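Have a look at the structure below, then the notes.
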Amino acid sequence: MNKLPFRVDLKDKVVVVTGGSGVLGSAMCRALAACGAKLVVIGRDRQKAEKLAGELAAAGGVARGVSCDVLDKPSLEAAAREIESAFGPCDILVNGAGGNHPKGTAGQEYFDAKTAGTAPSETTFFDFDVAGFDFVFKLNLLGTLLPSQVFGRQMVGRPGCTIINVSSMSALRPLTKVAAYSGAKAAINNLTQWLATHFAQSGIRVNAIAPGFFITEQNRKLMIQEDGNYTARAKKVIAQTPMRRFGEPDELLGALLWLADSKASGFVTGTIIAIDGGFSAYAGV
């Protein structure tokens, strides 16, 4: 399991992590399981979810892999029943599912009427596909809303329950090219604050972490060339990050565990915590 920055007591807490088998999600799962949680890895790919759960169990944790579509409420409800039957009701939900789609992504950072669209495969603003935008908003926004509805119902009125959403730097400062993703993650921030207010008197805290730039399965080809060197876009990211490097997955864990522990962060709700090496603070000069 991960080398933890510190350890919190999550013994017997039922923790559900959507998108838990990805690079960042799996780091979160390992940390939460290492703190004693009964950890549930939710993913569309049952094999990957069960593989990670098996690794956590082999390391001494209590874990279960569950196949579920975060955009399908009946699928989520079936998963919730399975989890409650095996472990009990959910105490902590980490909404880690999300992603982007090329049809909601521009080919160039700046529109140039002379060159825009000259490459057949290049998408301009005027070519953005409604279906692509719809996919990105559903995956990120509804993929957070629906699990929060289903598992939040198990939390109401029970002390120590919390929802932790996963936002992005693109929510705070919209990044070039990724229009759909930036808009969807900005909606996550708004939803986080809305839910925090709505459930403030019902025993549920709602917060979000906003990772800066980490190398994941989704962005590796955009950031790293085949020879291992940074791409032009990666170099721009590093130049705008005061710490002059990408983050490591384990560097998300301190904030995650702090938010998960109701003793440590019991009066914290409605926050979006940037974990970004200073990216969101840097003005560029």
Side-chain angles (χ1 to χ4, degrees), residues 8-20 25 28-29 31-33 35-42 64 66 68-98 137-167 171 184-210 252 255-274:
V8 299
D9 183 8
L10 299 179
K11 182 176 173 56
D12 296 329
K13 294 286 187 181
V14 178
V15 181
V16 176
V17 182
T18 70
M28 295 180 194
C29 287
L32 293 161
C35 289
K38 296 177 181 177
L39 198 288
V40 181
V41 184
I42 284 187
R64 188 182 188 95
V66 175
C68 177
D69 182 354
V70 295
L71 298 181
D72 183 342
K73 196 168 185 179
S75 174
L76 282 162
E77 290 170 337
R81 289 192 296 270
E82 176 184 342
I83 294 163
E84 186 170 19
S85 176
F87 291 153
C90 178
D91 296 292
I92 300 168
L93 170 66
V94 180
N95 281 310
F137 268 80
K138 282 182 177 177
L139 179 58
N140 291 278
L141 184 55
L142 292 186
T144 295
L145 172 68
L146 293 177
S148 297
Q149 284 184 321
V150 171
F151 291 102
R153 187 178 292 275
Q154 296 181 350
M155 299 180 183
V156 172
R158 296 172 52 235
C161 291
T162 187
I163 296 172
I164 303 171
N165 296 328
V166 178
S167 179
K185 287 300 188 180
I188 293 292
N189 284 9
N190 191 283
L191 179 65
T192 297
Q193 293 175 322
W194 189 93
L195 288 171
T197 301
H198 191 65
F199 287 116
Q201 298 177 35
S202 301
I204 306 173
R205 295 182 302 113
V206 187
N207 296 285
I209 58 173
L252 295 174
L256 174 77
L257 295 178
W258 175 64
L259 290 174
D261 183 12
S262 60
K263 293 180 180 178
S265 58
F267 199 52
V268 179
T269 195
T271 64
I272 292 92
I273 300 175

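Computed from heavy atoms alone, side chains included, the values below leave out hydrogens, waters and symmetry copies. Counting begins at 1 with the first residue of the sequence. Bear in mind that the values here come from a model prediction, so they are computed numbers and not experimental data.
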Sequence neighbours excluded, the answer for side-chain hydrogen bond (donor to acceptor under 3.5 Å, both in side chains) partners of Lys185 is Asn140

Note: Asn95 and Ser148 closest approach over all heavy atoms is ND2-OG, 3.1 Å

Ile92 and Leu32, any side-chain heavy atoms less than 4.5 Å apart: no

The side chain to side chain contact (heavy atoms under 4.5 Å, CB included) partners of Asp261 (sequence neighbours excluded) come to Val8, Lys263, Ala264

Scanning both residues in full, the closest heavy-atom pair of Phe87 with Leu39 reads CE1-O, 4.1 Å

The side-chain hydrogen bond (donor to acceptor under 3.5 Å, both in side chains) partners of Ser167 (sequence neighbours excluded) come to Asn189

The complete set of salt bridge (Lys or Arg N to Asp or Glu O under 4.0 Å) pairs with one or both residues in residues 79-98, sequence neighbours excluded, reads Arg64-Glu82, Asp91-Arg158

- Query: For Phe199 and Ile163, what are the C-alpha separation, side-chain angles and deciding distance, and is it a side chain to side chain contact (heavy atoms under 4.5 Å, CB included)?
  - Reply: CA-CA 10 Å; Phe199 287 116; Ile163 296 172; 5.6 Å; no

Contacts table for residues 202-210: side-chain donor-acceptor under 3.5 angstrom, sequence neighbours left out:
residue: Arg205; atom: NH1; partner: Ser265; partner atom: O; Å: 2.8
residue: Arg205; atom: NH1; partner: Ser265; partner atom: OG; Å: 3.2
residue: Arg205; atom: NH1; partner: Val268; partner atom: O; Å: 3.0
residue: Arg205; atom: NH2; partner: Leu259; partner atom: O; Å: 2.8
residue: Arg205; atom: NH2; partner: Ser265; partner atom: OG; Å: 3.3
residue: Asn207; atom: OD1; partner: Gly270; partner atom: N; Å: 3.1
residue: Asn207; atom: OD1; partner: Thr271; partner atom: N; Å: 2.9
residue: Asn207; atom: OD1; partner: Thr271; partner atom: OG1; Å: 2.7
residue: Asn207; atom: ND2; partner: Val268; partner atom: O; Å: 3.0

In short, salt bridge (Lys or Arg N to Asp or Glu O under 4.0 Å) pairs touching residues 192-201 with sequence neighbours left out are none

Interatomic distance, CG@Leu76 vs CD1@Ile42, rounded to 0.5 Å, equals 6.5 Å

Scanning both residues in full, the closest heavy-atom pair of Leu139 with Gly98 reads CD2-C, 3.6 Å

With sequence neighbours left out, the residues meeting side chain to side chain contact (heavy atoms under 4.5 Å, CB included) with Asp69 are Arg44, Leu71, Asp72, Ser75

Residue set satisfying salt bridge (Lys or Arg N to Asp or Glu O under 4.0 Å) with Lys73, at least two apart, ordered chain then number -> none

With sequence neighbours left out, the residues meeting side chain to side chain contact (heavy atoms under 4.5 Å, CB included) with Leu191 are Leu141, Thr144, Leu145, Leu195

Here the gap from Met28 atom CE to Ile164 atom CD1, rounded to the nearest 0.5 Å, amounts to 8.5 Å

Thr18 meets the side-chain hydrogen bond (donor to acceptor under 3.5 Å, both in side chains) criterion, sequence neighbours left out, with none

Applying side-chain hydrogen bond (donor to acceptor under 3.5 Å, both in side chains) to Glu77 and not counting sequence neighbours gives none

Nearest heavy-atom approach of Gly20 to Cys29 is O-SG, 3.7 Å

### Message
Is any side-chain heavy atom of Val41 closer than 4.5 Å to one of Val17?
### Response
no

- Check for a donor-acceptor pair, side chain of Gln154 on one end and backbone N or O of Pro89 on the other, with a separation under 3.5 Å. no

In terms of heavy-atom contacts, Ala255 and Ile273 come closest through CB-CG2, 4.5 Å

Looking only at heavy atoms, the pair that brings Ala260 and Leu10 closest together is O-CD2, 4.1 Å

Taken to the nearest 0.5 Å, the spacing of Lys13 NZ from Cys161 SG works out to 6.5 Å

Between the CD1 atom in Ile188 and the CG atom in Asn165, the distance rounded to the nearest 0.5 Å is 6.0 Å

